[in-house]
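I have placed the structure first, in the form of structure tokens, so that the comments after it can refer back to it.
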Amino acid sequence: MPVIDLRSDTVTTPTSDMRAFMMQAAVGDDVFGEDPTVNDLQNMIAEMLGKEAALFVPSGTMANQISINAHTEPGDEVICDYNAHIFNYEAGAPAMLSGVQLHPLHGENGHPNADQILEVLRPSDDHYPRTTLICLENTHNRGGGTIYPIDKIQTIRSLTRKNNLKMHLDGARLWNASIETGINLKDYARHFDSVSLCFSKGLGAPVGSIVAGTEEFIEKAHRHRKAFGGGMRQVGMLAAACIFAVENHFERLAEDHQNARILAEGLNKIKIFDVPLSTVQTNIVIANTTSESSNAYEIVNHIKKKGVLAIPFGSHKIRFVTHLNINRDDVTNTLELLNRIFK
Ligand SMILES: *Cc1c(COP(=O)(O)O)cnc(C)c1O
């Protein structure tokens with residue numbers, strides 16, 4: 001029985017063309033800055049983001065944590081959304097590695113607005129932590145792959161300029177936001193002091209993330225990457241996979257978005273699911289399960305036995321993600337199967 005894996009866009013496997021491209025990559029010692037393919041990737045992304053420099057890192061978590069570390073001092077406070085990846089899924093790293101505390105806000109779809117941020121900025125007084133950094137996430141994972149409205153970002157940027165705060169973008173899926181809105185990466189990135197991107201999600205590379213910013217920021221980030229254990233050697237082959245992913249799998253994200261839409265509309269026709277369609281903006285579908293149905297964990301276990309994998313998000317939500325290894329037939333087959341089970 002073929003398995004349809006809708007758990008995450010991280011489950012994609014490298015295509016044979018990608019593998020062939022990886023094989024021929026020139027390599028060198030990247031800790032010495034001598035891996036030509038890593039340097040090509042870093043230059044390519046710095047250019048695409050309109051930043052001075054970029055640094056290749058093993059994971060999105062490391063990209064975010066290096067950035068937090070570079071922008072703050074221990075004891076500082078970092079503002080983010082309550083559902084942010086850095087707050088929920090990075091193992092408490094801001095406290096563990098940088099000695100900062102997070103101040104989470106309840107933003108709409110994971111997108112706090114400038115007024116909410118203004119309200120919690122700390123006055124300069126020795127009683128308080130110093131607010132130094134705002135982290136936004138675009139698209140927002142727990143928000144259902146929702147796109148941060150660009151005008152909201154602009155307003156926050158004016159606020160942070162006035163108050164001398166740094167801004168970091170967790171752009172693990174900024175690719176998806178850009179394809180969907182037609183706003184290019186640069187026009188998002190120019191509002192931030194640092195931007196992280198993942199190649200290992202919808203773009204389909206086996207591993208790799210990157211962080212970009214000023215030369216000065218990247219110099220610090222380079223040191224912190226080493227300290228966090230992320231200095232890598234002949235990783236040109238991995239960087240090649242990332243270059244291949246950007247060149248061949250970026251534009252096609254639009255297909256994932258169409259598939260997610262079809263999946264969401266189909267789920268809405270099944271009585272145990274309810275998907276607020278306004279939140280289905282990219283490749284993530286978060287379906288609410290009705291209170292009469294069994295809980296999300298049981299539903300996920302049940303459909304797993306029939307060959308469809310998804311992830312429970314708490315007891316009444318299930319996340320489905322479309323990606324490179326999911327085609328239109330997989331979506332049709334998933335809906336047929338769920339219709340049969342939950343009629
Ligand atoms: C996946 C993801 C990351 C990075 O995760 P890693 O597994 O460390 O690469 C960061 N932010 C968001 C929003 C993500 O979805």
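Just so you know, ligand 1 is whichever comes first in the structure, and atom 1 is the first atom listed for that ligand.
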What do you reckon, does [X] have a nitrogen or oxygen under 3.5 Å from a nitrogen or oxygen of ligand 1?
X	result
Glu137	no
Thr61	yes
Lys201	yes

Reference residue Arg173; test side-chain contact (heavy atoms from CB on, under 4.5 Å); the match among Leu253, Ile284, Leu203, Ile147: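 In the set Leu253, Ile284, Leu203, Ile147, the residue that makes a side-chain contact (heavy atoms from CB on, under 4.5 Å) with Arg173 is Ile284.
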Reference residue Glu180; test side-chain contact (heavy atoms from CB on, under 4.5 Å); the match among Asp256, Thr282, Thr139, Asn283: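 By the side-chain contact (heavy atoms from CB on, under 4.5 Å) criterion, Glu180 pairs with just one of Asp256, Thr282, Thr139, Asn283: Thr282.
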Proximity flag Arg173 to ligand 1, non-hydrogen atoms under 4.0 Å: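 Yes, Arg173 has heavy atoms under 4.0 Å from ligand 1.
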Side-chain H-bond candidate by donor/acceptor type, His85 with Asn141, under 3.5 Å: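 Their side chains do not contain a donor-acceptor pair, so the 3.5 Å distance test is not met.
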For ligand 1, which part of [X] has a heavy atom less than 4.0 Å away: the side chain, the backbone, both, or neither?
X	answer
Asn64	side chain
Asn141	side chain
Met62	neither

Shortest non-hydrogen contact from His257 toward Gln281: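 In terms of heavy atoms, the two residues are closest at ND1-O, 4.4 Å.
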Contacting atoms of ligand 1, where contact means under 4.0 angstrom from a heavy atom of Ser59: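 Once the distances to Ser59 are compared, the set is 8 (O), 9 (O).
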Heavy atom of the protein closest to atom 4 (C) of ligand 1 (residue, atom name, distance):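 Among all protein heavy atoms, the one nearest atom 4 (C) of ligand 1 is Gly60 CA, 3.4 Å.
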Nearest neighbour in protein (non-hydrogen) for atom 11 (N) of ligand 1: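 Atom 11 (N) of ligand 1 sits closest to the protein heavy atom Asp170 OD2, 2.6 Å.
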Donor-acceptor contact present, side-chain Glu215 to main-chain Ala53, <3.5 Å: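 No; judged by distance alone, with no hydrogens or angles, the pair does not exist.
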Short side-chain to backbone donor-acceptor contact, Ser178 and Ile183, under 3.5 Å: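 Checking the backbone N and O of Ile183 against the side chain of Ser178, a donor-acceptor pair under 3.5 Å is found.
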OH on Tyr89 to CZ on Arg142, rounded to 0.5 Å: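 The distance works out to 3.5 Å.
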